[in-house]
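Each remark here refers to the structure printed beneath this line.
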Amino acid sequence: MLAFLLKQTLKNEVLDLDTRELLMHLSKLENGLDRYSFTELNTNEANRLKKSFESFKNGLEEKVFGMPTPEPVEVSLKNKKVKSKPLEDHSMIAKVSHEIRTPLNGIVGFIDLLKETELSPKQQELIKALDTASGNLTDIINELLEFSKLASGHETFENVPFNLKNLITEVAFLCETLITDSQVELSVHLDKNLPEQLLGDPSKLSQILLNLLGNAVKFVEKGKISLEAVLKSDQQNRVYVEFLVADTGIGIANDKLQRIFESYKQAEDDTQLKYGGSGLGLSIVKELVDRMDGLIAVKSALGAGSTFKVTLPFEKTKKQDIALPKRPGKSVPRSLKHAKILVFEDNVLNQQLMENRLKSWGCKPFITDNGLYGLQLLENHEFDLVLMDLRMPKMNGFQITECIRQNRHDHIRTVPIIALTADFSIADKEYCKRIGITDYILKPYNADELQRTMQELIAEREKQSEREISQINIGQASALINLNLLYEECMGEKDTLTELIQLFKKNMYEFIGNVRMHLTNNDSRGIGFAVHKIKSSLKMLEATTLAQICSKLTEASDAAAYEALEKYYKQFLNEYPKVEEAIDIELNKL
Ligand code: ADP
């Protein structure tokens, strides 16, 4: 192909003898490699050969043309990087897309709410148009954001255990939700020999498959789509899995096969007009596959359909690596219908997956990747549950949780939070517990498990609110403090712990003085603020009794109830010396 291209491009030029000879050798070499590559792609030799051939080819192209030629009309593409624009371009695009995405999510949310109101036929028509336009815009913005992240090298790849079968089931579910025509059929086949668990990046794998399946859905009006995962090679520590996404759709002309992997390029000039799209999906897929050390190939015939083949290496893992911990206690399942769920999630595909999944259960999902916006939503709506992606840019899930748990409103502070994470270390687990994450699920999540956990927590919360919860158990020795968490934070350094304890005591004296002053000045807001400032320290020491008194102080300060403020302040004064004594005893024991 390279030889063919060179000949094509140079056809008007007189080739000297050396060039002719070089082309002949190249042609032979390339034919040989072609036979090799996809039948034996997992052999190291083939990959090495291909790599060195490609770097030679690139060097030659640069010499001949001054710049690399486009990829030849070859169905397999490997390690040919999408040409990156300067970094500033990408960070600019990323910034702008991000800024647009937040209000756009709001618009989409409001359109959803509008759809639920009484609308005249004309209004319904307009809303439908708005819905389609905002949906298209969201897709484009999301793709731009994704592409710029990838091209700027800011995208990180995880290496975590995941369940391949669950992932394929979720991807297939989402694909089904995209198929709106009953004349299109999806079939899924998973090789029985594939290991159940693998190590890799499940989000990126879902993204690759969903992009390919999304295209298949778009370009098949009537016919079949299939997703197949086959064990291509099983080596000592790793496996190569081949994913085949095939469709019987419009197909792609041979001479256009190459360009579809380039950014902003579509097969035909009228593709955008007929089918929409930005021409970025396959560039993203190719970049992801390259970065995961995989291969991608496409075969297509116009009018007959296309098959995309992605081969990826994964490390093997043991099943127990991702065994889920047992949750203490059980509660009565309850229907999730109409439950309002706030989802913090930044991965676009996971957002889509979650939205479809929750809607199919009758829930009302509100999805955002923006911590502050989500916290604002919590202030304005009463949510039944929060689903929290822990790893997000800007404010991460841990930080958002801490803000929620320190909120002064009971209904916000106590909302159940389920962490969704692909990667969970023991330290994360401890941290989650400490900051008040109620439960967690590993990604790619198993839908049944998610549903069960959500039902349990919502039911539990309902029961909880029926109980009398405002009792304060003052004076119970066990509720006074626990220095273990702080000691762990100090990595077992007693000196650091002693210093922190001194600081804690100082803060408490300041607090006592400040509240006295605010009470004299009738400044309930000042008291609220003073309480807010010491809350995290109380939590850190698990000073439960003091924390409970502080919750009461917050409620009383919100209501500017001075009598209650006096009462709880006195309780605090009574209680604090006991806590200080308990701290000193604990400290001496360490
Ligand atoms: P987009 O779908 O947003 O246009 P992509 O990069 O995903 O961008 O795809 C680029 C082009 O490749 C599409 O516009 C279409 O012309 C072609 N294409 C991709 N997948 C298929 C398919 N399954 N069947 C037919 N054409 C396809």
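Counting convention: from 1, in listed order, for ligands and their atoms alike. The first residue of the sequence shown is numbered 1, and numbering continues consecutively from there.
For the pair I400 and G371, the tightest heavy-atom approach, listed with the atom from each and the gap, is CD1-CA, 3.6 Å. For the pair P313 and M292, the tightest heavy-atom approach, listed with the atom from each and the gap, is CD-O, 3.4 Å. Taking both residues in full, the closest heavy atoms of L450 and I441 are given as CA-CD1, 3.8 Å, listed atom of the first, atom of the second, then distance.
Near F308, meaning under 4.0 Å from one of its heavy atoms, ligand 1 places the atoms 20 (N), 23 (N). The atoms of ligand 1 that sit less than 4.0 Å from any heavy atom of L280 are 6 (O), 8 (O). Heavy-atom proximity to I260, at under 4.0 Å, picks out these atoms of ligand 1: 6 (O), 10 (C), 11 (C), 12 (O), 17 (C). Against a heavy-atom cut-off of under 4.0 Å, D247 is close to the following atoms of ligand 1: 22 (C), 23 (N).
The aromatic ring centres of F314 and Y240 sit 6.0 Å or more apart.
Looking at N215 next to ligand 1, an N or O pair under 3.5 Å apart turns up. Any N or O atom pair closer than 3.5 Å counts here, and G281 shares at least one such pair with ligand 1. Inclusion of L282 in the set of residues having an N or O under 3.5 Å from an N or O of ligand 1 is warranted.
Between S306 and ligand 1 there is a heavy-atom distance shorter than 4.0 Å. In this structure, K218 is part of the shell of residues with a heavy atom less than 4.0 angstrom from ligand 1.
Side chains of I252 and I260 form a contact here, defined as non-hydrogen atoms less than 4.5 Å apart.
A distance-only check finds no donor-acceptor pair linking the side chain of T368 to the backbone of G374 [under 3.5 Å].
The 12-atom threshold is not exceeded at CD of E221, counting heavy atoms of other residues, nucleotides or ligands nearer than 6.0 Å.
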